[in-house]
2 protein chains.
Amino acid sequence: MTQEVIPGAPTLEQVAALAGVSRSTVSRVVNKSPHVTDEAAAVVLEAIETLGYVPNRAARSLASRKTQVIALVVPESTARVFADPFFASVVQGIALHLAATEYTLNMVIASETNPEKTRRYLMGGNVDGALVVSHHSGDHSYARLSQALPTVFGGRPMNADERDSYFVDSDNVAGAAVATRHLLDIGCRRVATIGGPQDMPPGFDRLEGWRRTVREAGLDDSLVELGDFSPRQGAEAMRRLLARGEAFDGLFVANDQMAVGALSVLREEGIAVPRDLAVVGFDADYFSETSEPPLTTIAQPAIELGATMARVLVDLLEGRPVERVTIMPTHLLVRASSRRRDDAEEASR
Amino acid sequence: MTQEVIPGAPTLEQVAALAGVSRSTVSRVVNKSPHVTDEAAAVVLEAIETLGYVPNRAARSLASRKTQVIALVVPESTARVFADPFFASVVQGIALHLAATEYTLNMVIASETNPEKTRRYLMGGNVDGALVVSHHSGDHSYARLSQALPTVFGGRPMNADERDSYFVDSDNVAGAAVATRHLLDIGCRRVATIGGPQDMPPGFDRLEGWRRTVREAGLDDSLVELGDFSPRQGAEAMRRLLARGEAFDGLFVANDQMAVGALSVLREEGIAVPRDLAVVGFDADYFSETSEPPLTTIAQPAIELGATMARVLVDLLEGRPVERVTIMPTHLLVRASSRRRDDAEEASR
DNA sequence: GTGAAAGCGCTAACAT
DNA sequence: ATGTTAGCGCTTTCAC
């Protein structure tokens with residue numbers, strides 16, 4: 001018997017021929033259908049092995065009307081800050097989780113000048129579902145998307161009327177509350193804050209967490225300055241806070257980058273951290289590790305958040321029941337910028 | 001005439017019906033074939049517009065035997081350092097460039113425990129080409145891949161026998177040379193270096209650039225300590241350098257992370273930067289911006305590098321002539337860690 | 001320049 | 001449990 005030399009990738013048909021069964025049976029084996037005898041399956045598997053057969057996704061997808069592709073939608077403006085470590089970790093979590101499934105990750109940079117192009121592509125039946133990560137997480141320009149395509153968002157939407165979409169977010173309110181509580185616990189008597197943009201959920205939520213906590217402690221919540229999450233504006237907000245001339249011994253900053261900016265101002269002004277002022281940031285990024293002093297901060301489970309987004313979407317696609325909203329816990333990382341004041345100081349109040 | 005209500009995405013057939021032409025003609029228009037009259041094209045385009053038709057990739061790919069998909073292969077270990085800003089920028093460049101083409105970006109996390117799975121997928125005709133970005137760029141476990149699939153690597157391969165593959169890299173040798181030259185130019189009389197791992201091309205090349213430059217200047221090239229690119233080992237290498245007891249007034253560090261570690265040691269030891277010792281890093285990452293003092297460093301065109309990788313691969317796929325090796329220029333960013341010594345000091349030697 | 005016909009490799013009823 | 005029969009939506013000869 002002469003072995004025909006067949007060019008290109010082996011097809012299901014060739015596997016069937018070699019195994020001496022029909023294509024249907026091979027298909028069933030490949031798709032792990034239970035309606036195949038173990039013997040048949042074994043023969044098929046062996047044929048697959050010797051041929052090095054890999055199913056053709058295009059054909060499979062055309063016939064099954066499923067693409068097995070999940071789009072990762074990244075608004076173009078977000079792509080520019082792709083280097084944001086938090087964002088990168090979320091993507092990593094998504095990719096890692098999906099690698100273990102049958103789904104493929106399709107990165108789509110959404111042109112903001114021509115959003116129709118992206119919408120068309122996504123709605124054109126080229127993907128089974130979409131994951132949307134936006135830097136300014138409030139911007140849900142793809143909210144409408146979720147009506148036509150299973151979609152999971154990273155970060156909660158700013159608009160309450162989008163509550164019918166699926167999203168995964170970290171618990172910014174609780175994180176900020178824990179940070180503030182920590183400052184109080186180490187003996188701070190007045191805690192100021194540098195907040196983020198109030199039109200972005202993380203900015204809004206973190207300010208909210210701080211506010212609730214200081215109020216609950218019976219303290220005033222007037223020591224607030226805002227910035228845009230950049231080190232520069234963090235520094236400026238710090239100067240404004242200092243310029244008020246009011247005393248405070250604790251400071252919660254809505255993200256580490258602004259905190260680093262604030263720290264540089266404190267250094268210039270000769271204000272010792274944590275002795276004169278204890279500082280806590282948010283995000284646990286590079287900045288917090290390398291700052292002088294290292295920054296106490298709130299760590300977000302970025303990788304897990306990404307993995308959870310992927311899990312929720314896959315569950316959704318496979319018809320398993322899923323929660324619309326998933327809030328991931330954060331945790332406090334205590335470092336030198338907020339080391340507990342010693343008892344002597346504590347007693348002196 | 002009653003308008004049939006057709007569920008799902010519109011098909012080419014429906015466009016043909018509405019335009020009153022055959023499917024072939026619609027296909028030609030969609031694929032920009034020149035063999036269509038302008039009138040016919042206009043009618044078809046209008047039908048496409050009103051229907052909101054988007055070609056089905058799976059069908060197209062099945063029929064044309066092209067996938068229009070490019071795989072971005074990320075070794076799993078690299079994915080763990082996904083947050084590496086350089087790496088993230090390269091990916092950004094790739095994604096941005098591809099967004100302007102007909103190609104789709106498929107992120108593949110290559111399991112290192114089961115490399116066969118990835119190889120099968122890639123060689124199974126599911127993608128038209130691959131882009132490989134590896135953190136330890138020397139590791140070309142996917143070198144063999146390029147024999148079966150058009151592949152472009154980011155970073156040069158360590159093995160010379162892989163010269164038949166396509167790759168894009170930044171000019172590490174020249175960058176290190178410029179950095180070292182800069183130290184000499186500002187008046188340094190002896191320049192030490194903290195090098196990276198010698199089994200990684202960037203580590204090797206940057207040491208080479210330093211070595212050439214000091215030799216050309218007639219200086220000795222013995223003041224070398226190596227680290228693994230981490231801040232911790234940068235600090236340790238710095239201590240070893242100091243422990244030698246030999247004087248030097250210039251230091252080139254193979255990356256910014258190690259430079260930051262070195263800087264912290266110098267601070268501890270009371271060695272003023274740049275007064276006592278001028279320091280230059282490499283990478284121009286976050287660390288270099290926020291260090292104390294800000295670090296003079298070499299910027300790599302990360303986004304452009306990614307974009308170039310994408311361009312080379314697309315050219316390759318479309319049969320256009322391409323260069324096997326593309327070396328991207330770097331540039332010097334002068335900051336406080338190497339401000340020129342003033343004339344008084346210069347004169348005193 | 002345009003249409004008709006024949007698949008691309010696979011899945012999914014429907015038989016058996 | 002397995003085989004048979006139709007397509008999935010598109011491209012691509014090949015006629016006209």
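As the structure is a prediction and not an experimental result, all values here were calculated from the model. Note on naming: letters A, B, ... go to the chains in the order of the sequence lines (proteins, then strands), and numbering restarts at 1 for each one.
Checked for salt-bridge contact, A:E318 and A:R311 miss the test: no charged N lies under 4.0 Å from a carboxylate O.
Heavy-atom distances to DNA chain D give each of B:R60 and A:G20 a nearest nucleotide, and the one nearer the 5′ end belongs to A:G20.
For the pair A:R57 CZ and D:dC10 P, the computed distance is 19 Å after rounding to whole Å. The interatomic distance linking B:L12 (CG) with D:dG7 (P) rounds to 18 Å, in whole Å. The separation between B:E13 atom CD and C:dA4 atom P is 11 Å, rounded to whole Å. Atom CG in B:L62 sits roughly 12 Å away from atom C1' in C:dT11 (whole-Å rounding). Regarding B:Q68, its CD atom lies at a distance of 15 Å from the P atom of D:dC10, rounded to whole Å. Rounded to an integer number of Å, the gap from CZ of B:R23 to P of C:dG1 is 21 Å. Rounding to whole angstrom units, NZ of residue A:K66 and C1' of C:dA12 are separated by 11 Å.
With respect to A:V322, the side chain to side chain contact (heavy atoms under 4.5 Å, CB included) criterion is satisfied by exactly one of A:L316, A:V314, A:L317: A:L316.
Contact annotation for B:V30: no contact, since no heavy-atom pair falls under 4.0 Å across all strands.
The shortest side-chain heavy-atom distance between B:Q92 and B:F87 does not fall under the 4.5 Å cut-off. For the pair A:V127 and A:I70, the minimum side-chain heavy-atom distance is 4.5 Å or more.
With distances taken from any side-chain atom of A:H35 to the nucleotides C:dT2, D:dA6, D:dA1, the minimum falls on D:dA1. Between C:dC8, C:dG3, C:dC10, one nucleotide has an atom nearer to the side chain of A:Y53 than all others, and that is C:dC10. Nearest nucleotide to the side chain of B:S24, out of D:dT12, D:dA6, D:dG7: D:dT12. Here the side chain of A:A63 is nearest to one of D:dC8, D:dG3, D:dG9, namely D:dC8.
Applying a 4.0 Å cut-off to non-hydrogen atoms, the residues of residues 36-44 of chain B that approach DNA chain C are B:V36, B:T37, B:A40, listed by residue number.
Counted by atom type alone, B:Y166 and B:D315 present zero donor-acceptor pairs between their side chains at under 3.5 Å. With hydrogens and angles left out, the side-chain atoms of B:N31 and B:R60 include a donor and acceptor closer than 3.5 Å.
Contact annotation: A:R65 side-chain N/O to D:dG9 OP1/OP2 distance is under 4.0 Å. Using a 4.0 Å cut-off, no side-chain N or O of A:N56 falls inside it from OP1 or OP2 of C:dC8. Checking the phosphate oxygens (OP1, OP2) of D:dG3, a side-chain nitrogen or oxygen of A:S22 falls inside 4.0 Å.
Contact of B:S27 with D:dT12 (side chain to base): no donor-acceptor pair of N or O atoms is detected under 3.5 Å. One cannot find a donor-acceptor pair under 3.5 Å joining the base of D:dA1 and the side-chain atoms of A:T25. Interface remark: the B:R28 side chain does form a donor-acceptor pair with the C:dG3 base, using a distance-only criterion of under 3.5 Å.
The number of heavy atoms from other shown groups lying within 6.0 Å of CD (A:E46) does not exceed 12.
With B:F167 as the aromatic partner, B:R156 does not meet the cation-pi criteria of under 6.0 angstrom to the ring centre and within 45 degrees of the ring axis.
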